[in-house]
S.K.: 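Handing you this structure, nothing more for now.
Just so you know, these numbers use all the heavy atoms, side chains as well, and skip hydrogens, waters and symmetry mates. Since we're looking at a predicted model, the values are computed, not measured.
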Amino acid sequence: MVRQPVTVNGVTRWKDMDVDGVAATEVRESKGVILRQEIGDVLRSIRQAEGRTLRDVSHDARVSLGYLSEVERGQKEASSELLASICSALDVPLSTMLSQVAERIANAEGLHVPDTVPTEFQREFGGGVVPDRVPDNMTREELARSGS
């Protein structure tokens with residue numbers, strides 16, 4: 001087997017390749033995780049999920065189009081103020097974006113992060129993503145009583 005770099009959407013990962021060029025299992029190393037790349041990937045996925053363009057978000061966040069593009073591609077380290085401005089422009093809480101980044105890093109390190117976000121918070125800030133087993137009208141008290 002031979003290790004070869006494979007780049008997808010600007011992110012380079014190492015893969016073990018058979019002699020004939022077929023990919024074996026992906027190698028994940030904790031020191032290979034780069035925070036700015038993970039932040040950029042999450043910001044891009046949020047923006048694309050909303051169907052927004054770089055131009056729209058850069059205008060609303062008051063940051064240049066080129067700089068936002070570099071942040072999304074993981075080429076620039078964004079300040080906390082800039083991240084807050086981008087998240088505000090995307091109408092997503094900074095904490096939600098950072099938790100997605102933390103989850104991606106934990107996965108890359110081979111760790112499992114349990115979901116501990118309250119259902120009400122997910123409904124209000126998570127874009128309506130709530131586990132199927134929890135009815136929309138169920139309150140926190142009812143959920144606690146049901147043992148779920």
S.K.: Going by the rule side chain to side chain donor-acceptor pair (under 3.5 Å), which residues pair with R36 if we only count those two or more places apart in sequence or in a different chain?
M.R.: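 So R36 forms no side chain to side chain donor-acceptor pair (under 3.5 Å) with any residue.
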S.K.: To the nearest 0.5 Å, tell me how far R104 CZ sits from L35 CG.
M.R.: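 Spacing of CZ (R104) from CG (L35) equals 11.5 Å.
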S.K.: Identify, with sequence neighbours excluded, every residue that meets side-chain contact (heavy atoms from CB on, under 4.5 Å) alongside S80.
M.R.: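 If we apply the side-chain contact (heavy atoms from CB on, under 4.5 Å) test to S80, skipping adjacent residues, there are no hits.
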S.K.: The criterion is salt bridge (Lys or Arg N to Asp or Glu O under 4.0 Å); which residues satisfy it with D56, sequence neighbours excluded?
M.R.: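 Partners of D56 under the salt bridge (Lys or Arg N to Asp or Glu O under 4.0 Å) test: none.
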S.K.: Where do R52 and L90 come nearest, in terms of heavy atoms and distance?
M.R.: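 Reported closest heavy-atom pair: NH1-CA, 4.0 Å.
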S.K.: S88: which residues meet the side chain to side chain donor-acceptor pair (under 3.5 Å) condition with it, sequence neighbours left out?
M.R.: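 Result, side chain to side chain donor-acceptor pair (under 3.5 Å) vs S88: none returned.
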S.K.: Is there a side-chain contact (heavy atoms from CB on, under 4.5 Å) between V57 and E50? Walk through the geometry before answering.
M.R.: CA-CA 11 Å; V57 176; E50 291 182 2; 5.9 Å; no
S.K.: Considering residues at least two apart in sequence or located in another chain, which fulfil the side-chain contact (heavy atoms from CB on, under 4.5 Å) criterion with Q75?
M.R.: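 Testing Q75 for side-chain contact (heavy atoms from CB on, under 4.5 Å), a comparison that skips the adjacent residues, returns E70, R73.
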S.K.: Applying side-chain contact (heavy atoms from CB on, under 4.5 Å), can you list everything that pairs with L98, at least two apart in sequence or on another chain?
M.R.: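 Only L94 meet the side-chain contact (heavy atoms from CB on, under 4.5 Å) criterion with L98.
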S.K.: Are E72 and R47 side-chain neighbours, meaning at least one heavy-atom pair lies under 4.5 Å?
M.R.: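 Contact flag for E72/R47 side chains = yes.
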S.K.: Tell me, do Q48 and R44 make a side-chain contact under 4.5 Å, heavy atoms counted?
M.R.: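 Yes - at least one pair of side-chain heavy atoms lies under 4.5 Å apart.
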S.K.: Apply side-chain contact (heavy atoms from CB on, under 4.5 Å) to A61 and list each qualifying residue two or more places apart in sequence or on a separate chain.
M.R.: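 Only V63, S85, I86, A89 meet the side-chain contact (heavy atoms from CB on, under 4.5 Å) criterion with A61.
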S.K.: Who passes side chain to side chain donor-acceptor pair (under 3.5 Å) against E77, sequence neighbours left out?
M.R.: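 If we apply the side chain to side chain donor-acceptor pair (under 3.5 Å) test to E77, skipping adjacent residues, there are no hits.
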S.K.: Check whether any side-chain heavy atom of T96 sits under 4.5 Å from a side-chain heavy atom of I46, and report yes or no.
M.R.: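 In short, these two side chains do not touch, never coming nearer than 4.5 Å.
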S.K.: If you round to the nearest 0.5 Å, how far is NZ of K76 from CG of L68?
M.R.: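 Output value for this atom pair is 13.0 Å.
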S.K.: Counting C-beta onward and ignoring hydrogens, is there a side-chain heavy-atom pair between L65 and H59 closer than 4.5 Å?
M.R.: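 They are not in side-chain contact.
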